[in-house]
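Following: one structure in structure tokens, then a few remarks.
Numbered from 1 within each chain, the chains take letters A, B, ... in sequence-line order. Keep in mind the model is a prediction, meaning the values are calculated, not measured.
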2 protein chains.
Amino acid sequence: MAKYEKISEAVVRRLPIYLRYLSYLQQVNVTTVSSQQMGMNLDVNPAQIRKDLAAFGDFGKKGIGYDVNYLVENIRQILKLTDEVRVVLVGAGHLGHAISNYNAYVKDNIRIAAIFDNDASKLGKEVAGLPIQSMSEMAHTIAEKNIKLAIMTVPAPAAQTVCDQLVSFGIKGILNFAPTTIKVPKDVRVHYADVTSNLQSLAYYIT
Amino acid sequence: MAKYEKISEAVVRRLPIYLRYLSYLQQVNVTTVSSQQMGMNLDVNPAQIRKDLAAFGDFGKKGIGYDVNYLVENIRQILKLTDEVRVVLVGAGHLGHAISNYNAYVKDNIRIAAIFDNDASKLGKEVAGLPIQSMSEMAHTIAEKNIKLAIMTVPAPAAQTVCDQLVSFGIKGILNFAPTTIKVPKDVRVHYADVTSNLQSLAYYIT
DNA sequence: TAGATTGTTAATCGATTAACAATC
DNA sequence: TAGATTGTTAATCGATTAACAATC
């Protein structure tokens with residue numbers, strides 16, 4: 001029986017990982033997969049995978065496993081990846097460039113739809129086929145293209161200001177590369193992707 | 001009384017965040033801080049902060065708060081950031097370049113000490129003052145500079161192979177930007193920093 | 001059918017938060 | 001001193017894992 005429990009944060013973090021592996025299976029024409037096999041490949045406990053998947057419906061067949069296509073389709077739906085997901089990127093520095101040019105998103109139905117920077121000398125220059133736009137155009141572009149997600153690759157001191165603008169223009173999710181905590185309303189979600197803190201916590205585990 | 005409980009994963013994730021804020025306080029010559037004030041600024045429950053800090057010693061003064069300098073010094077020690085942390089970077093593509101050029105690590109005592117790529121045409125070219133080296137030099141350089149951490153900015157299909165090499169050369173922590181799960185021995189730690197899955201899980205939270 | 005594998009429950013583990021005595 | 005704030009315990013919450021009946 002399908003359920004309507006709320007899906008936990010941890011599950012939402014794992015779904016893209018499942019999706020990635022399942023998409024790979026599609027490519028190599030595997031049609032069925034067991035939680036056991038997925039777990040082996042992704043280093044996740046099979047019971048966990050079954051529980052995760054059971055949280056949003058009855059996808060498996062006892063004795064058989066899961067139908068790969070069916071699972072892919074459903075995880076896409078859960079994650080709201082069925083339509084193209086458009087994202088704005090703010091901060092056309094080195095990292096912003098790198099992320100924009102990384103076109104592997106496309107196959108995952110994610111598109112960087114606009115790029116902004118506050119440096120006047122960069123305006124109009126193209127990055128990955130998109131012109132760098134002025135911050136003053138943000139409101140308009142976000143509304144026009146109905147964008148809900150943003151990537152921030154700005155310096156730490158600019159992060160809160162940029163974030164406030166994005167939120168006021170209707171952005172609901174922010175991937176923040178700036179090395180600073182930002183404050184957002186409860187209905188906006190921030191994921192932190194700061195390289196330094198990531199390395200620093202990694203350092204703890206050396207020997 | 002100082003304790004020797006093992007420090008949990010969640011705590012280790014938060015320590016760099018605390019450290020960042022405390023370093024900022026040092027800069028603006030604030031000498032004392034309460035868990036309340038830290039919590040406000042970092043969006044962390046004050047009780048959690050007190051518990052986290054208490055896990056590795058008695059750092060606060062009742063009625064007063066914490067000594068900023070003392071705390072900075074101790075968190076650095078816990079995270080093994082007292083000596084310069086040297087890191088290798090493998091994969092001198094866009095993202096590798098961006099990360100190498102981001103020199104904000106330096107003030108955090110982290111240094112990218114060598115860069116490798118398997119593309120012969122890139123060899124010897126300089127990135128952030130470092131020559132791109134051939135993969136065949138990895139073993140030697142890692143041993144010579146006594147490096148324990150690595151950043152992987154390689155394509156997904158190369159990730160496991162590169163990872164296996166790194167591990168065999170003594171690397172104990174890997175920050176993996178490739179969009180793929182990698183297998184490592186128990187004594188090696190991997191942090192995942194793949195942009196796509198991060199965006200995909202963010203998409204779930206839209207409205 | 002017999003073997004395999006799910007869905008689900010119960011047990012366990014870990015992380016967060018509230019509350020307050022101790023004390024600066 | 002009185003107010004503030006820690007350190008710590010207990011309560012709560014959430015996430016993981018083991019185990020197994022159901023069933024393909």
pair_partner(D/dC24), Watson-Crick or wobble, both distances < 3.5 Å, evaluates to C/dG3
Considering only heavy side-chain atoms of B/S34, the closest of D/dT6, C/dT8, C/dT16 is D/dT6
Atom CG of B/N45 and atom P of D/dC13 are separated, to the nearest Å, by 14 Å
Paired to D/dC13 by Watson-Crick or G-U wobble criteria (both distances under 3.5 Å) is C/dG14
Closest to the 5' end of DNA chain C, once A/G63 and A/A47 are matched to their nearest nucleotides, is A/G63
Within the pair A/S8 and D/dA15, is there a side-chain N or O less than 4.0 Å away from OP1 or OP2? yes
The answer to which of A/D52 and A/I64 contacts DNA chain D further toward the 5' end, by nearest nucleotide, is A/D52
* Asked: Using a cut-off of less than 4.0 Å, is there contact between a side-chain N or O of A/Y66 and OP1 or OP2 of D/dC24?
  -> no
Over all strands shown, is A/R13 touching base, sugar-phosphate only, or nothing at heavy-atom distances under 4.0 angstrom? nothing
(Q) Could you check whether atom CZ of A/R189 has more than 12 heavy atoms from other residues, nucleotides or ligands sitting under 6.0 Å from it? (A) yes
Of the candidates C/dT16, C/dG7, C/dT6, the side chain of A/S35 sits closest to C/dT6
Rounded to whole Å, CD of A/Q48 lies from P of C/dT5 at a distance of 19 Å
Taken to the nearest whole Å, CG/B/D58 to P/D/dT5 is 18 Å
In whole angstroms, the gap separating P of C/dA19 from NZ of B/K62 amounts to 20 Å
Among C/dT16, D/dA19, C/dC24, the one nearest any side-chain atom of A/R50 is D/dA19
Say whether A/Q133 and A/T141, considering side chains only, have a donor N or O and an acceptor N or O under 3.5 Å apart.
yes
Separation of C/dT16 atom C1' from A/E9 atom CD, nearest Å, is 13 Å
Worksheet item: Any chance the side chains of B/Q37 and B/N41 put a donor and an acceptor closer than 3.5 Å?
Response: no
Atom CD of A/Q37 and atom P of C/dA4 are separated, to the nearest Å, by 15 Å
Closest to the side chain of B/A10, out of C/dA15, D/dA15, D/dT17, is C/dA15
Scan side-chain atoms only and decide if B/S35 and B/R50 contain a donor-acceptor pair under the 3.5 Å cut-off.
yes
From CG of B/L71 across to C1' of D/dT6 the rounded distance in Å is 13 Å
Check: Thinking salt bridges, do A/D108 and A/R20 make one under a 4.0 Å N-O criterion?
Finding: no
To the nearest angstrom, the NZ-P distance between B/K51 and D/dA10 comes to 12 Å
